[in-house]
Amino acid sequence: MKMTRPRIGSRAAIAFGVAALSLITAACSSGGSSSQSNGAGAGTGAGSTGLTVPTANLPVLQKVGKGEGQLNLIAWEGYLDPKWVKSFQQQTGCQVNAKYAGSSDEMVSLMKNGGGGQYDMVSSSGDADLRILYAGDAHPVNISLIPSWKDFFPAFQSPAFNTINGVHYGVSLQWGPNVLMYNTKNFPTPPTSWSVIYDSKYKGQVTVPDNPIQIADAALYLKTAKPSLNITDPYELTQTQFQAAVSLLASQRPLIEKYWGLASQEVFDFKNGNAIVGAGWPLQVSTLKADHFTIGSVVPSEGATGWADTWMLAAKAPHPNCAYLWMQYISTPKVQAEQALTYGETPDNKLACGYMDQMQPGSCAEFHANAPIKYLDTISLWKTPIATCDNGQPDCVPYSGWVSAWNTQVK
């Protein structure tokens with residue numbers, strides 16, 4: 001399994017500047033709200049209150065024609081592996097040209113002005129989707145032209161991170177939970193709560209991502225641990241709720257062995273006994289298991305945060321036919337299985353399971369590719385925190401506040 005482009009430290013190094021958030025924060029403070037899903041199973045694509053996507057009424061393609069011969073993709077490194085790209089190029093004649101981005105912030109920047117007439121698509125993550133959509137940089141997609149879409153888990157067919165008011169702006173790709181990892185030698189009985197990463201008995205042995213979105217993980221824990229805070233959504237926090245999560249993370253700081261920025265760093269720290277418990281992804285778990293390390297993982301009783309990616313169509317895509325051909329291809333079960341196993345993710349196409357188990361026995365269950373809705377409902381997918389809560393009140397702390405607090409109060 002490759003670790004060519006770790007999710008946090010590149011993809012989820014989402015410490016974008018205040019200026020990058022100005023569009024969303026200002027718009028949402030004027031009475032709008034995000035309708036993004038609180039969890040994988042909750043995505044309905046219902047749209048937002050008081051906000052509109054500038055490109056919502058652009059006409060969509062009604063029939064996929066002959067490819068234009070080129071396809072310019074902004075992608076996370078590892079998402080355009082020759083194992084599946086070469087076959088696509090041979091089948092369609094669309095030559096894939098990759099622009100690898102190092103962060104969600106960079107992707108948002110590259111997608112400005114609808115991709116500038118240069119880029120066709122971006123493999124956007126949930127922390128960037130709203131910025132791209134409400135900046136008017138994504139083009140509506142005719143999802144009926146993506147045959148394999150009907151085989152997606154319902155939660156990822158029209159999720160609110162890429163579907164607003166019933167309008168799709170891309171096609172879902174892969175997802176994954178942020179799990180509690182532990183050394184089974186130190187925890188012969190699996191932990192059942194995130195409380196272990198805040199327990200002083202593990203001082204200097206805890207590792208968590210170096211990422212402001214970690215505030216949502218703390219909020220998710222406090223939702224159960226301190227019900228008096230009335231937290232309903234870990235990404236929509238009032239100042240009181242937000243400060244409680246930040247304070248919890250600040251108190252955790254003496255326990256931290258390392259705030260990891262690369263997946264390989266967390267693997268190294270577990271292998272070398274520097275860390276015995278922490279937050280990570282199935283990628284690190286499977287990598288450690290492949291090396292016969294005594295690693296365990298669990299989605300605790302409080303649930304977990306998670307991420308989901310979308311191939312989003314640029315508003316000024318110069319090669320729309322090749323872009324649709326790519327969406328068709330990347331959504332098929334075999335290709336979804338190949339990417340899942342290469343990158344350590346979970347496919348959105350429920351038919352990918354059989355291919356996964358053919359390629360790597362047991363991987364379907366390991367990556368929850370056959371996950372029931374009950375499992376998906378335990379995952380609160382990333383979304384961009386904005387000033388206006390879903391109740392329409394401008395009481396929530398926008399992401400610029402998250403970045404500031406992470407850098408000045410937590411670390």
Side-chain angles (χ1 to χ4, degrees), residues 3-16 76-78 102-105 125-128 174-183 191 194-198 202 204-222 234-235 237 242 245-246 248-271 274-288 295 297-300 302-309 343-345 379-385 399 402-411:
M3 296 174 63
T4 52
R5 193 270 306 160
R7 180 170 295 270
I8 293 181
S10 55
R11 159 210 301 269
I14 53 178
F16 46 85
W76 299 117
E77 188 177 352
S103 68
S104 286
D105 190 20
S125 295
D127 58 289
Q174 309 264 327
W175 68 281
N178 299 309
V179 297
L180 176 61
M181 297 170 54
Y182 58 93
N183 189 325
W194 285 108
S195 62
V196 293
I197 66 172
Y198 305 111
Y202 303 116
Q205 299 175 296
V206 178
T207 181
V208 299
D210 185 0
N211 191 331
I213 209 71
Q214 193 66 20
I215 295 171
D217 290 65
L220 184 66
Y221 167 68
L222 289 174
Y235 305 99
L237 303 175
F242 178 78
V246 169
L248 176 61
L249 291 171
S251 69
Q252 182 194 42
R253 184 172 56 239
L255 315 183
I256 299 296
E257 184 274 328
K258 179 181 292 181
Y259 291 104
W260 59 269
L262 302 175
S264 55
Q265 291 175 339
E266 187 171 38
V267 169
F268 176 88
D269 282 338
F270 269 96
K271 279 187 174 181
N274 301 328
I276 64 171
V277 66
W281 315 311
L283 171 61
Q284 288 95 305
V285 175
S286 60
T287 300
L288 287 164
I295 193 70
S297 69
V298 65
V299 172
E302 300 91 356
T305 60
W307 37 265
D309 291 344
Y343 201 77
E345 299 178 308
I379 311 302
S380 295
L381 293 179
W382 284 355
K383 65 179 181 180
T384 306
Y399 198 77
W402 291 48
V403 174
S404 177
W406 180 259
N407 291 323
T408 63
Q409 298 183 53
V410 176
K411 295 176 62 181

key: W307 vs E345, side-chain contact (heavy atoms from CB on, under 4.5 Å): CA-CA, chis, key distance, verdict   = CA-CA 10 Å; W307 37 265; E345 299 178 308; 3.5 Å; yes

task = For side-chain contact (heavy atoms from CB on, under 4.5 Å), just list the numbers for K411 and Y259, CA-CA rounded to whole Å, side-chain angles, deciding distance to a tenth of an Å, and then say yes or no.
result = CA-CA 9 Å; K411 295 176 62 181; Y259 291 104; 4.2 Å; yes

request  = Kindly indicate, with the supporting measurements, whether the criterion side-chain contact (heavy atoms from CB on, under 4.5 Å) is fulfilled by L262 and F268.
outcome  = CA-CA 10 Å; L262 302 175; F268 176 88; over 6 Å; no

request  = Evaluate the side-chain contact (heavy atoms from CB on, under 4.5 Å) criterion for residues L222 and L248: first the C-alpha distance (whole Å), next the side-chain angles of each, then the deciding distance (0.1 Å), finally the verdict.
outcome  = CA-CA 9 Å; L222 289 174; L248 176 61; 3.9 Å; yes

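Here the closest heavy-atom approach between residue P209 and residue Q214 is recorded as CD-OE1, 3.3 Å. Annotation for A218 and Y198: closest pair CA-OH, 3.5 Å, computed over non-hydrogen atoms. Considering every non-hydrogen atom in both I295 and V285, the closest pair reads CG2-O, 3.7 Å. Taking each heavy atom of D309 and S125 in turn, the nearest pair found is OD1-OG, 2.7 Å. Nearest approach of V298 to P191, heavy atoms of both residues: CG1-O, 3.5 Å. In terms of heavy atoms, V299 sits closest to I379 at CG2-CD1, 4.4 Å.
Within the model, atoms NZ of K383 and OG1 of T305 stand 13.0 Å from one another, a figure rounded to the nearest 0.5 Å. Separating the CD1 atom in I276 from the CG atom in N183 is a distance of 7.0 Å, to the nearest 0.5 Å. Interatomic distance, Q409 CD to R253 CZ, rounded to the nearest 0.5 Å: 9.5 Å.
Q252 is linked by a side-chain hydrogen bond (donor to acceptor under 3.5 Å, both in side chains) to nothing, counting only residues two or more places apart in sequence or in another chain. Under the side-chain hydrogen bond (donor to acceptor under 3.5 Å, both in side chains) criterion, S297 pairs with no residue at all, not counting sequence neighbours. In this structure S251 satisfies the side-chain hydrogen bond (donor to acceptor under 3.5 Å, both in side chains) test with no other residue, sequence neighbours excluded.
Within the 4.5 Å cutoff, the side chain of I215 has heavy atoms near those of the L237 side chain. Side chains of P282 and P177 form a contact here, defined as non-hydrogen atoms less than 4.5 Å apart. A 4.5 Å side-chain heavy-atom check between L255 and I197 finds every atom pair outside the cut-off. F270 is listed as a side-chain neighbour of M181, based on a closest heavy-atom distance under 4.5 Å.
By the 30° and 60° cut-offs, the orientation of the rings of W402 relative to Y235 is parallel.
T207 places no side-chain N or O within donor-acceptor distance of the main-chain N or O of E257, the cut-off being under 3.5 Å. E302 contributes a side-chain N or O that, together with a main-chain N or O of W194, makes up a donor-acceptor pair within less than 3.5 Å.
In the model, D127 has a side-chain atom that pairs as donor or acceptor with a side-chain atom of S104 under 3.5 Å. A side-chain donor-acceptor contact under 3.5 Å links D210 and W406.
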